[in-house]
Peer 1: 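Quick one: this structure, given as structure tokens, is what I'll be asking you about.
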Amino acid sequence: MYSLSYDPSTTLKSLRCPVLVIFGGKDVQVPPEGNAKAIRDALAESESEDYRVEIIPDLNHLMQTSTTGSPEEYGKIEETVSPILLEVIGDWTQERLID
């Protein structure tokens, strides 16, 4: 499977634009542990001086507030997307529009 063998670090290192990366703290499909550090390390080698890698604790892979993060929960959660996620994205975007 291509997505499992793909190493995004080359692409991340070539970025020169602002970057916001968000992980759900309860994401069991793309666990933030290790992945967030690898992305931070790659962005540190990029030409972008404006990047942020954040882990939002209670979010699952679909960026919903969840109890366990298990895919079995997905269909039971009424929330489409976490308001906390929307706030983080909105604040980050707004900060760049003002600058």
Peer 1: Starting at CZ of Arg96, measure out to SG of Cys17 and round the result to the nearest 0.5 Å.
Peer 2: 11.0 Å

Peer 1: Is a side-chain donor or acceptor of Lys26 paired with a backbone partner of Ser66 at a separation under 3.5 angstrom?
Peer 2: yes

Peer 1: Would you compute the distance between atom CG of Leu59 and atom OG1 of Thr65 and round it to the nearest 0.5 angstrom?
Peer 2: 5.5 Å

Peer 1: Check whether any side-chain N or O of Asp27 sits under 3.5 Å from a backbone N or O of Phe23 as a donor-acceptor pair, and report yes or no.
Peer 2: no

Peer 1: Is the shortest heavy-atom distance from the side chain of Leu12 to the side chain of Glu45 under 4.5 Å?
Peer 2: no

Peer 1: Do Ile84 and Glu87 touch side chain to side chain, with heavy atoms closer than 4.5 Å?
Peer 2: no

Peer 1: side-chain hydrogen bond (donor to acceptor under 3.5 Å, both in side chains) with Arg52: which residues, sequence neighbours excluded?
Peer 2: Glu54

Peer 1: Are Val19 and Trp92 side-chain neighbours, meaning at least one heavy-atom pair lies under 4.5 Å?
Peer 2: no

Peer 1: With rounding to the nearest 0.5 Å, note down the distance linking CG in Asn60 to CD in Gln29.
Peer 2: 8.5 Å

Peer 1: Taking atom OG1 of Thr68 and atom NZ of Lys76, what is their separation to the nearest 0.5 Å?
Peer 2: 8.5 Å

Peer 1: Any chance you could measure Glu33, atom CD, to Lys37, atom NZ, to the nearest 0.5 Å?
Peer 2: 14.0 Å

Peer 1: Determine yes or no for a side-chain-to-main-chain donor-acceptor pair under 3.5 angstrom, with Glu73 supplying the side chain and Gly69 the backbone.
Peer 2: yes

Peer 1: Considering residues at least two apart in sequence or located in another chain, which fulfil the side-chain hydrogen bond (donor to acceptor under 3.5 Å, both in side chains) criterion with Ser48?
Peer 2: none

Peer 1: Give a yes or no answer on whether the side chain of Gln64 reaches the backbone of Ser82 with a donor-acceptor pair at less than 3.5 Å.
Peer 2: no

Peer 1: Would you check if Val53 and Leu20 make a side-chain contact, meaning some heavy-atom pair closer than 4.5 Å?
Peer 2: no

Peer 1: Is there a donor-acceptor contact under 3.5 Å from the side chain of Glu47 to the main chain of Leu15?
Peer 2: no

Peer 1: State the CG-OG1 distance between Asp58 and Thr67, to the nearest 0.5 angstrom.
Peer 2: 8.5 Å

Peer 1: Measuring only between side-chain heavy atoms, which start at C-beta, is Leu62 closer than 4.5 Å to Tyr74?
Peer 2: yes

Peer 1: Would you indicate whether the side-chain heavy atoms of Ile22 and Leu85 approach each other to under 4.5 Å?
Peer 2: yes

